[in-house]
> 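There's a structure below that I have some questions on.
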Amino acid sequence: MGRFQGGGYAGIAQDLADFPFIKCLGLSSYPYLGGFADPESVPLDYYARLRTESVRPVLVVEGGWTSTSLGALASSPVEQARYLAYQGRLLDSARAIAVFQLTFADLDLAALNLPPGSGLPLFAHLGVVDSALRAKPALAAWDEVFARPFTP
């Protein structure tokens with residue numbers, strides 16, 4: 001769903017042909033890793049464009065936006081909160097049926113013995129609370145999206 005290949009959106013026709021039995025389109029979405037510098041630069045049809053190729057329901061099964069900077073990647077807790085609020089609009093645009101927040105708390109990287117070059121730090125700060133369970137700005141944004149009534 002991002003821009004790792006440098007060519008933009010390539011469509012899902014091959015995926016639909018390879019997996020004709022799927023009932024839903026489950027998305028893994030980490031736009032900050034796909035080249036988007038800030039949440040609002042993610043196109044509003046980022047998820048919705050899938051609906052032009054399939055009538056299957058859309059749901060985000062994993063994803064998020066980091067709350068820290070790492071190497072050339074620049075982010076912050078406020079930017080993460082902006083993404084979670086904006087993701088509500090992305091989900092609405094696609095008429096998504098669900099979204100899952102897999103990591104409630106950030107990972108405590110200091111407690112892990114990671115090998116050099118591990119990719120885990122890229123995903124360690126996706127929680128809506130930090131590793132000591134203190135609320136980050138993202139918690140309020142998540143709570144606001146989560147509190148919305150489900151309208152199928």
Side-chain angles (χ1 to χ4, degrees), residues 1-19 21-50 53-54 56-91 93-94 96-146:
M1 292 274 322
R3 298 187 289 196
F4 279 125
Q5 305 304 317
Y9 180 66
I12 60 169
Q14 186 62 55
D15 301 298
L16 295 173
D18 291 344
F19 304 100
F21 51 84
I22 63 170
K23 304 284 188 214
C24 297
L25 300 175
L27 310 178
S28 171
S29 180
Y30 299 93
Y32 70 99
L33 294 175
F36 295 101
D38 58 80
E40 296 79 14
S41 66
V42 178
L44 195 54
D45 72 343
Y46 193 58
Y47 302 150
R49 59 192 172 190
L50 299 173
E53 296 184 64
S54 174
R56 292 168 180 86
V58 172
L59 58 145
V60 175
V61 296
E62 68 169 291
W65 195 282
T66 187
S67 64
T68 193
S69 295
L70 182 63
L73 178 66
S75 191
S76 69
V78 170
E79 190 164 295
Q80 178 192 37
R82 284 190 4 244
Y83 173 72
L84 288 178
Y86 186 70
Q87 183 176 234
R89 294 181 59 202
L90 297 172
L91 296 164
S93 176
I97 61 168
V99 60
F100 298 96
Q101 179 67 29
L102 287 183
T103 52
F104 178 73
D106 288 348
L107 302 178
D108 182 2
L109 290 176
L112 303 174
N113 187 15
L114 296 177
S118 170
L120 190 59
L122 291 170
F123 303 97
H125 300 279
L126 296 173
V128 295
V129 300
D130 67 17
S131 60
L133 304 180
R134 291 180 296 255
K136 298 189 313 188
L139 181 59
W142 173 256
D143 285 346
E144 191 171 310
V145 171
F146 185 74

> Using a 3.5 Å distance criterion without hydrogens, assess whether the side chain of Gln87 forms a donor-acceptor pair with backbone atoms of Gly64.
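Between the backbone of Gly64 and the side chain of Gln87 there is no qualifying donor-acceptor contact (under 3.5 Å).
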> Are any of the side-chain heavy atoms of Leu50 and Arg56 separated by less than 4.5 Å?
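No, every pair of side-chain atoms sits at 4.5 Å or beyond.
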> Check whether Tyr47 reaches the backbone of Ser29 with its side chain - one donor and one acceptor, N or O, closer than 3.5 Å.
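Not confirmed, Tyr47 side chain does not pair with Ser29 backbone.
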> Keeping the roles fixed (side chain from Gln101, backbone from Thr103), state whether a donor-acceptor pair exists under 3.5 Å.
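Answer holds: yes.
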> For Ala85 versus Ala141, what's the shortest heavy-atom pair and its separation?
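Between these two residues, the closest heavy atoms are N-CB, 4.2 Å.
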> Identify the heavy atoms of Leu126 and Gly63 that sit nearest to each other, and give their distance.
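Nearest pair, atom of Leu126 first, then Gly63: CD1-O, 4.4 Å.
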> Find out whether Leu44 and Leu90 are in side-chain contact, i.e. whether some heavy atom of one side chain is under 4.5 Å from a heavy atom of the other.
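The answer is yes, as the side chains (C-beta and beyond) meet within the 4.5 Å cut-off.
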> Please check if the side chain of Ser67 supplies one atom and the backbone of His125 the other of a donor-acceptor pair under 3.5 Å.
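Yes: the side chain of Ser67 pairs with the backbone of His125.
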> Got a second to check how far Ser54's OG is from Ile12's CD1, nearest 0.5 Å?
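Going from OG on Ser54 over to CD1 on Ile12, the span is 5.5 Å.
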> Counting N and O atoms only, with roles assigned by atom type, does the side chain of Ser69 sit under 3.5 Å from a partner on the main chain of Ser75, one being a donor and the other an acceptor?
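A pair under 3.5 Å: yes.
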> Measure the shortest side-chain to side-chain distance between Leu91 and Val60 over non-hydrogen atoms and say whether it is less than 4.5 angstrom.
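Of all side-chain heavy-atom pairs linking Val60 with Leu91, at least one is under 4.5 Å.
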> To check you understand the geometry: which heavy-atom pair defines the closest contact between Glu79 and Ala37, and what is its length?
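Smallest heavy-atom distance, with atoms named: OE2-O, 3.4 Å.
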> Yes or no on side-chain contact (heavy atoms from CB on, under 4.5 Å) for Trp142 and Val129, after CA distance, side-chain angles and deciding distance?
CA-CA 11 Å; Trp142 173 256; Val129 300; over 6 Å; no
> Side-chain contact, heavy-atom cut-off 4.5 Å: Thr68 with Asp106?
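No. Closest side-chain heavy atoms not under 4.5 Å.
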> Indicate the ring-plane relationship of Phe19 and Phe21, choosing parallel, tilted or perpendicular according to the 30° and 60° boundaries.
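Rings of Phe19 and Phe21: perpendicular, as their planes differ by over 60°.
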> If you measure from OG on Ser76 to NZ on Lys136, what distance do you get to the nearest 0.5 Å?
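That separation rounds to 10.0 Å.
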> Heavy atoms, side chains only, cut-off 4.5 Å: are Phe36 and Tyr46 in contact?
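Yes. Closest side-chain heavy atoms under 4.5 Å.
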> Do Ser118 and Leu112 come close enough that some side-chain heavy atom pair is under 4.5 Å?
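Not in contact.
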> Do you know the tightest heavy-atom contact between Pro31 and Val42?
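Closest heavy-atom pair between Pro31 and Val42: CB-CG2, 3.6 Å.
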> Taking only residues two or more places apart in sequence or in another chain, which ones pass salt bridge (Lys or Arg N to Asp or Glu O under 4.0 Å) with Asp38?
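Partners of Asp38 under the salt bridge (Lys or Arg N to Asp or Glu O under 4.0 Å) test: none.
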> More than 12 heavy atoms of other residues, nucleotides or ligands under 6.0 Å from CD of Glu53: yes or no?
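Atom CD in Glu53 is packed in, count exceeds 12.
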> With Tyr32, which residues qualify under side chain to side chain donor-acceptor pair (under 3.5 Å), at least two apart?
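Tyr32 satisfies side chain to side chain donor-acceptor pair (under 3.5 Å) with no residue once adjacent residues are dropped.
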> Counting only N and O atoms by type, is there a donor-acceptor contact under 3.5 Å from the side chain of Gln80 to the main-chain atoms of Thr66?
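Side chain of Gln80 to backbone of Thr66, a donor-acceptor pair under 3.5 Å: no, none is there.
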> Just so I know, are the side chains of Phe123 and Leu107 near enough to count as touching, which here means a heavy-atom distance under 4.5 Å?
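The answer is no, as the side chains (C-beta and beyond) never meet within the 4.5 Å cut-off.
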> Quick check against the 3.5 Å criterion: does Asp130 have a side-chain atom that pairs as donor or acceptor with the backbone of Arg134?
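Checked: pair present.
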> Which heavy atom of Leu133 sits nearest to which heavy atom of Ala105, and what is that distance?
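Minimum heavy-atom contact is CD2-CB, 3.8 Å.
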